[in-house]
Amino acid sequence: MYINTINLLVKIFFLLLFTLISCFSSSLKSQPSISKKKLIILSIDGLPSYYFDKDSLFLGKIPNLLKLIEHSTFSKNVVTTVPSLTYPAHTSMITGVPPAVHGIYFNSPIDYDSNHKGDWYWFYEDIHVKTLLDFAKEFNLKVGSIYWPVTIGAELDYNLPQFWKNKTPYDAKFLRAMSYPPNFYKTLEKVTGLQVGEFTGDTEKIFFAIETWKTHKPDVLLIYTTDIDTIHHEKGVYSKEAEKA
């Protein structure tokens, strides 16, 4: 039943806000003065591509996304992973390979004896292949991530991984400790006056991301948002709550 519910949604829809990372070519090291383009990947978890159809009831509700599309790479031909779940799909987005290859097979590890107590695939070390982030670091690019799944322990310049324990403000203590550099979360918290976690929404994540972009100017920035997915699971894809979200 759970999988059937998931399959009603196009689980992952992502916007590339800037077009290419041309500096991934082998010529970069030999031409250090080459002009580098920057990349932002914004994932709006659970946003269906059919919201963008001409006869969609929601098309008039997303003017800002339509504006972003004008300055982005956009395609309705993207297909999700098997299984169509958040963590396998988001790992495929940054590796280019299916779950059977990258090793994030489900949201949670198989746990026959209940030893993991409901934990998810939090840790970057569980990914079996190199990611976009690894390649970026090899070329000395500055990389940041705001709440992207499966990134605890990733060696990024700026990293606030997705994690929760209680889905209460108590989780902020874990996120402060897990973020990198050590004062990254605290600084964003102080500057924005906000916190990020499963106990907050997408607005807080976006403000953290904007501040990271403005202050640190990363070459690659991943941003993961969750509100649409949560509402769709709880209320449905054409609900008033989904429209508001």
Side-chain angles (χ1 to χ4, degrees), residues 6 9-18 38-49 51 62 64-65 68 72-73 78 80-81 83-96 99 102 104 106-108 119-124 126-127 131-134 136 143-154 156-165 167 171-172 174-176 178-180 184-185 188-189 192 194-213 216 218-233 245:
I6 292 294
L9 305 176
V10 178
K11 183 66 181 176
I12 301 301
F13 177 85
F14 64 93
L15 299 172
L16 300 183
L17 304 186
F18 295 88
K38 294 178 180 287
L39 172 70
I40 297 176
I41 301 179
L42 168 62
S43 169
I44 305 176
D45 194 348
L47 179 66
S49 63
Y51 274 13
I62 49 176
N64 293 319
L65 291 180
L68 288 176
S72 310
T73 297
V78 176
T80 190
T81 57
S84 56
L85 296 170
T86 297
Y87 276 33
H90 278 75
T91 307
S92 288
M93 287 165 62
I94 61 171
T95 60
H102 63 56
I104 306 303
F106 203 71
N107 284 335
S108 302
D119 280 3
W120 285 32
Y121 271 110
W122 309 118
F123 301 101
Y124 193 72
D126 291 327
I127 301 175
T131 74
L132 170 70
L133 310 179
D134 298 322
V143 181
S145 175
I146 298 296
Y147 221 62
W148 198 268
V150 200
T151 53
I152 292 179
L156 311 180
D157 297 280
Y158 306 99
N159 187 22
L160 170 53
Q162 185 182 33
F163 174 81
W164 66 86
K165 181 176 176 63
K167 297 188 177 182
D171 287 351
F174 291 96
L175 293 170
R176 291 187 195 104
M178 292 176 180
S179 66
Y180 185 86
F184 183 49
Y185 188 104
L188 293 173
E189 188 178 26
T192 64
L194 302 170
Q195 292 182 325
V196 162
E198 291 298 305
F199 57 95
T200 66
D202 287 349
T203 299
E204 291 81 359
K205 300 182 188 78
I206 294 298
F207 274 105
F208 266 38
I210 290 173
E211 186 60 33
T212 300
W213 180 258
H216 304 293
D219 298 295
V220 181
L221 179 61
L222 306 184
I223 309 166
Y224 172 63
T225 64
T226 62
D227 285 358
I228 291 291
D229 181 62
T230 301
I231 293 297
H232 282 178
H233 279 296

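Residues take their numbers from the sequence shown, with the count starting at 1.
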### Query
Between T86 and N107, does any side-chain donor sit less than 3.5 Å from a side-chain acceptor?
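No pair is found: no donor N or O on one side chain lies under 3.5 Å from an acceptor on the other.
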
Under 3.5 Å, side chain of [X] to main-chain N/O of [Y], donor-acceptor pair present?
| X | Y | answer |
| --- | --- | --- |
| D202 | T226 | yes |
| D171 | G197 | no |
| H102 | P88 | yes |

Please report the shortest heavy-atom distance between [X] and [Y], naming the atom on each side.
| X | Y | value |
| --- | --- | --- |
| T80 | A89 | OG1-CB, 4.1 Å |
| P218 | W213 | O-CZ3, 3.5 Å |
| P161 | L175 | O-CD2, 3.4 Å |
| L160 | F208 | CD2-CD2, 3.6 Å |
| S92 | T81 | OG-CG2, 3.3 Å |

How far does [atom1] of [X] sit from [atom2] of [Y], to the nearest 0.5 angstrom?
| X | Y | atom1 | atom2 | value |
| --- | --- | --- | --- | --- |
| M93 | I41 | CE | CD1 | 6.0 Å |
| D134 | L156 | CG | CG | 8.5 Å |
| L222 | L132 | CG | CG | 6.5 Å |
| D229 | S43 | CG | OG | 9.0 Å |

State, with a plain yes or no, whether a side-chain heavy atom of [X] is found less than 4.5 Å away from one of [Y].
| X | Y | answer |
| --- | --- | --- |
| W164 | W122 | yes |
| L65 | I44 | yes |
| Y158 | Y180 | no |
| I223 | W148 | no |
| L221 | L39 | no |
| T203 | I206 | no |
| P99 | I104 | no |
| T212 | L188 | yes |

#### Entry: Worked verdict on E198 versus F163 for side chain to side chain contact (heavy atoms under 4.5 Å, CB included)
CA-CA 8 Å; E198 291 298 305; F163 174 81; over 6 Å; no

### Message
Under 6.0 Å between ring centres: does that hold for Y121 and Y87?
### Response
no

### Heavy atoms from other residues, nucleotides or ligands near CZ of F199 exceed 12 (cutoff 6.0 Å)
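Yes, enclosed.
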
### Task
Starting from the C-alpha separation in whole Å, work towards a yes-or-no answer on side chain to side chain contact (heavy atoms under 4.5 Å, CB included) for Q195 and Y185.
CA-CA 8 Å; Q195 292 182 325; Y185 188 104; 3.4 Å; yes

#### Entry: E204 and its side chain to side chain contact (heavy atoms under 4.5 Å, CB included) partner, picked from T225, V196, T192
V196

### Task
Only one of T131, I152, N159 passes side chain to side chain contact (heavy atoms under 4.5 Å, CB included) with Y124; say which it is.
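Single pass found, and it is T131.
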
### Query
Do we get K205 above Y147's six-membered ring, with its NZ or CZ under 6.0 Å from the centre and within 45° of the axis?
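Satisfied, under 6.0 Å and within 45°.
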
### Query
Given the rule in the side chain to side chain contact (heavy atoms under 4.5 Å, CB included) test, do H90 and D45 qualify, once you have shown the distances and angles that lead to the verdict?
CA-CA 9 Å; H90 278 75; D45 194 348; 4.2 Å; yes

